[in-house]
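First the structure, in the form of structure tokens, and then the observations on it.
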Amino acid sequence: MTDTVARVLRAMPVIDGHNDLPMALRARAGYDVSGLDRHRPEFQTDLPRLRAGGVGAQFWSVFVPGDLPESEAVAATMEQVDAVYRLVGAYPRDLEIAYDADGVEAAIAAGRIASLIGIEGGHSLATSLGVLRGFARLGVRYVTLTHNQHTSWADAAAAEPVVGGLNDVGRAVVREMQRIGVIVDLSHVAPVTMHAALDVAQAPVLFSHSSCRALTDHVRNVPDAVLARLADNGGVVQVTFVPSFVSPAVAEWTAAYSAQRERLGPTADEAPWPRAPRPGESAAALAAAQAPPEPGDDPRLRDWLAAHPRPEATLAQVADHVEHAREVAGLEHIGLGGDYDGTDRLPVGLADVSGYPRLLAELVQRGWSEAELEKLTGRNVLRVLRATQEAAQETLWPGSPAR
């Protein structure tokens with residue numbers, strides 16, 4: 001780590017927008033949170049590597065599949081929220097729950113990693129403002145309006161729009177989120193939804209883990225026309241590291257791989273969502289019974305993979321997306337959202353959460369100053385947290401002042 005990067009991370013550690021460790025804990029460990037204070041090679045995240053990466057705050061994603069019935073999605077999301085609290089409770093010297101900018105800063109000052117919660121997908125709300133308020137009272141700090149499937153009130157990026165971005169219910173959800181101090185996250189939504197939400201929003205929005213569509217034409221990335229609106233809104237795009245979002249070659253390969261898998265059909269043992277442990281069932285037994293298949297494990301794909309080797313994304317390509325977002329949205333409107341433990345592979349040099357200093361070193365070589373890097377690592381997101389609280393008419397997270 002260069003001296004410049006070390007100074008930056010001491011002054012403003014990384015506030016990362018999206019990490020799927022709770023989902024990975026469910027799938028691979030049956031929610032067993034033990035052992036994360038040492039290297040855990042089955043994950044991209046553990047405490048030693050968070051420390052090495054200069055992470056000072058993490059939005060933990062509480063994700064459940066978008067094709068679950070909404071009532072089941074609420075219960076499954078509650079399990080994920082519980083997993084975050086259990087994770088933090090297991091490591092009180094390293095992790096601390098935070099709900100606002102002051103809480104983040106206090107945790108960092110105490111030498112802990114501030115832990116915030118973000119729901120990844122509006123299906124987890126079951127089209128209920130009461131459920132939204134209930135999650136807010138549990139400490140949820142952002143809600144991504146969709147995952148890869150539409151809700152009845154918002155269009156996702158992965159399919160053709162059907163409601164025109166947001167309908168009246170969707171606009172009411174956005175207004176209620178901002179009324180109670182929950183950040184509107186626009187990753188995963190269609191561009192028409194991005195614009196519709198920005199039309200309604202009175203407080204800053206986030207893109208918790210998205211990159212730039214002008215550089216990689218992937219549906220999950222943000223078009224320049226939307227990035228340009230962030231300055232007026234005050235929002236932040238947290239550039240993600242997902243290879244198919246940052247590398248056109250990987251995006252093309254991934255599309256071809258997915259098409260080949262679709263032609264072959266699912267394997268008999270594919271499970272789209274691992275079940276939770278049953279009472280009395282050990283985490284090890286559950287994990288062994290339902291370990292998710294790795295890409296390439298399907299023997300029907302081996303010949304195709306041999307003929308079509310997977311390309312690698314690079315750290316430099318991630319830096320290109322960071323610089324493009326800065327150019328279009330402005331320095332005040334960029335951040336980082338790695339999506340660790342939510343993707344099977346990361347760019348070379350960013351394979352796990354220890355990689356942030358290497359990305360910052362690349363930006364130093366490109367001429368970024370320490371003050372500019374501090375805005376990228378966390379100051380911009382702290383501003384969004386503060387502005388969201390200031391704009392709220394009623395803040396509902398634990399310990400928040402009544403209004």
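Along the sequence shown, residues are numbered consecutively beginning with 1.
For Arg133 and Glu176, the salt-bridge test passes: some basic side-chain N is under 4.0 Å from an acidic carboxylate O. At a threshold of 4.0 Å, the pair Asp100-Arg141 does not count as salt-bridged, since none of the basic side-chain nitrogens sits closer than that to a carboxylate oxygen.
Under a 3.5 Å cut-off, the side chain of Glu96 and the backbone N or O of Ala106 do not form any donor-acceptor pair. With Ser247 contributing its side chain and Pro243 its backbone, the two residues share no donor-acceptor pair below 3.5 Å. A distance-only check finds a donor-acceptor pair linking the side chain of Tyr91 to the backbone of Val33 [under 3.5 Å]. Here the side chain of Tyr142 pairs a donor or acceptor atom with the backbone of Gly17 at under 3.5 angstrom. Side chain of His150 to backbone of Ala156: a donor-acceptor contact under 3.5 angstrom is found. The backbone N or O of Cys212 sits nowhere less than 3.5 Å from a side-chain atom of His218 that would complete a donor-acceptor pair.
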For the pair Tyr99 and Leu385, evaluate side chain to side chain contact (heavy atoms under 4.5 Å, CB included) and give the outcome as yes or no after the intermediate values.
CA-CA 9 Å; Tyr99 308 112; Leu385 283 166; over 6 Å; no
Audit row: Val64, Arg26, side chain to side chain contact (heavy atoms under 4.5 Å, CB included) steps and yes/no
CA-CA 11 Å; Val64 303; Arg26 176 181 176 127; 5.9 Å; no
How far apart are the C-alpha atoms of Phe59 and His18, what are their side-chain angles, what is the distance that settles it, and do they pass the ring-ring contact (aromatic ring centres under 6.0 Å, His included) test?
CA-CA 5 Å; Phe59 281 92; His18 193 91; 9.4 Å; no
Pair Asp168, Arg171 - check side chain to side chain contact (heavy atoms under 4.5 Å, CB included), show working.
CA-CA 5 Å; Asp168 288 343; Arg171 286 185 282 272; 2.6 Å; yes
Which is it for Glu362 and Arg366 under the salt bridge (charged side-chain N to carboxylate O under 4.0 Å, His left out) test, yes or no, and what are the steps along the way?
CA-CA 6 Å; Glu362 170 71 18; Arg366 298 184 184 203; 2.9 Å; yes
Given side-chain hydrogen bond (donor to acceptor under 3.5 Å, both in side chains), test Ser210 with Thr240 step by step and report yes or no.
CA-CA 5 Å; Ser210 296; Thr240 194; over 6 Å; no
Can you list the steps and then say if Asp344 with Arg310 is a salt bridge (charged side-chain N to carboxylate O under 4.0 Å, His left out)?
CA-CA 12 Å; Asp344 68 300; Arg310 182 174 183 165; 2.9 Å; yes
Intermediate values then yes/no, side chain to side chain contact (heavy atoms under 4.5 Å, CB included), His209 and Val242
CA-CA 9 Å; His209 59 306; Val242 179; 5.6 Å; no
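Between Asp341 and Thr45, the side chains place a donor N or O and an acceptor N or O closer than 3.5 Å (distance only, hydrogens not considered). Counting only N and O atoms by type, the side chains of Gln80 and Tyr31 include a donor and acceptor under 3.5 Å apart. In this structure, a donor-acceptor pair under 3.5 Å is present between the side chains of Asp20 and Ser61. A side-chain donor from one of Arg263 and Gln260 sits under 3.5 Å from a side-chain acceptor of the other. Inspection of the Ser124 and Thr77 side chains reveals an N or O donor paired with an N or O acceptor under 3.5 Å. For the 3.5 Å distance criterion, the side chains of Asp155 and Thr193 fail to qualify, holding no donor opposite an acceptor.
Under the side-chain hydrogen bond (donor to acceptor under 3.5 Å, both in side chains) test applied with His188, the options Thr146, Asn148, Thr144 reduce to a single match, Asn148. The only option from Asp16, Leu206, Ile334, Leu336 that meets the side-chain contact (heavy atoms from CB on, under 4.5 Å) definition with Gln238 turns out to be Leu206.
Note: Ile180 CD1 to Thr388 OG1 = 11.5 Å, rounded to the nearest 0.5 Å. With values rounded to the nearest 0.5 angstrom, Leu47 atom CG is found 5.0 Å from Leu95 atom CG. Atom OG of Ser152 sits about 12.5 Å away from atom NE2 of His123, to the nearest 0.5 Å. Rounding to the nearest 0.5 angstrom, the gap separating the CZ atom in Arg379 from the CG atom in Leu382 is 7.5 Å. Taking CE of Met12 as the start and CG of Leu373 as the end, the distance is 12.5 Å to the nearest 0.5 Å. The CD atom of Glu70 sits 8.5 Å away from the CG atom of Leu125 when rounded to the nearest 0.5 Å.
Within the 4.5 Å cutoff, the side chain of Asp339 has no heavy atoms near those of the Asn19 side chain. Looking at heavy atoms from C-beta onward, Glu372 lies in side-chain contact with Leu331 at the 4.5 angstrom threshold. Here the side chains of Val237 and Leu227 are in contact, with some heavy-atom distance below 4.5 Å. Considering only heavy atoms from C-beta on, His195 comes within 4.5 Å of Val226 through its side chain. For the pair Leu215/Val246, no side-chain contact is recorded, criterion being any heavy-atom separation below 4.5 Å from C-beta on. For the pair Asp46 and His39, the minimum side-chain heavy-atom distance is below 4.5 Å. For the pair Leu138/Ile117, no side-chain contact is recorded, criterion being any heavy-atom separation below 4.5 Å from C-beta on. Between Leu21 and Trp60, the closest side-chain pair of non-hydrogen atoms falls below 4.5 Å.
Under the side-chain hydrogen bond (donor to acceptor under 3.5 Å, both in side chains) criterion, Glu332 pairs with Lys375, sequence neighbours left out. By the salt bridge (charged side-chain N to carboxylate O under 4.0 Å, His left out) test, Glu72 pairs with no residue at all, sequence neighbours left out. Listed by chain and number, the residues in a ring-ring contact (aromatic ring centres under 6.0 Å, His included) with Phe241 are Tyr340, Tyr356 (sequence neighbours excluded). When the side chain to side chain contact (heavy atoms under 4.5 Å, CB included) test is applied to Glu42, the partners found at least two apart in sequence or on another chain are Arg40. Partners of His308 under the ring-ring contact (aromatic ring centres under 6.0 Å, His included) rule, at least two apart in sequence or in another chain, are Trp304.
For the pair Gly349 and Leu315, the tightest heavy-atom approach, listed with the atom from each and the gap, is O-CD1, 4.1 Å. Taking all atoms of both residues into account, the shortest heavy-atom contact from Gln317 to Pro248 is NE2-CD, 4.2 Å. Listed here is the closest heavy atom pair of Ala107 and Ala114: CB-CB, 3.8 Å. Scanning all heavy atoms of the two residues, the minimum distance from Val250 to Ala313 falls at CG2-N, 3.7 Å. Pairing each heavy atom of Leu363 with each of Ala319, the nearest pair is CD2-CB, 3.9 Å.
Judged as a salt bridge (charged side-chain N to carboxylate O under 4.0 Å, His left out), not a single pair has a partner in residues 218-228 (not counting sequence neighbours).
Both tests hold for Arg326 against Trp368: distance to the six-membered ring centre under 6.0 Å, angle to the ring axis within 45°.
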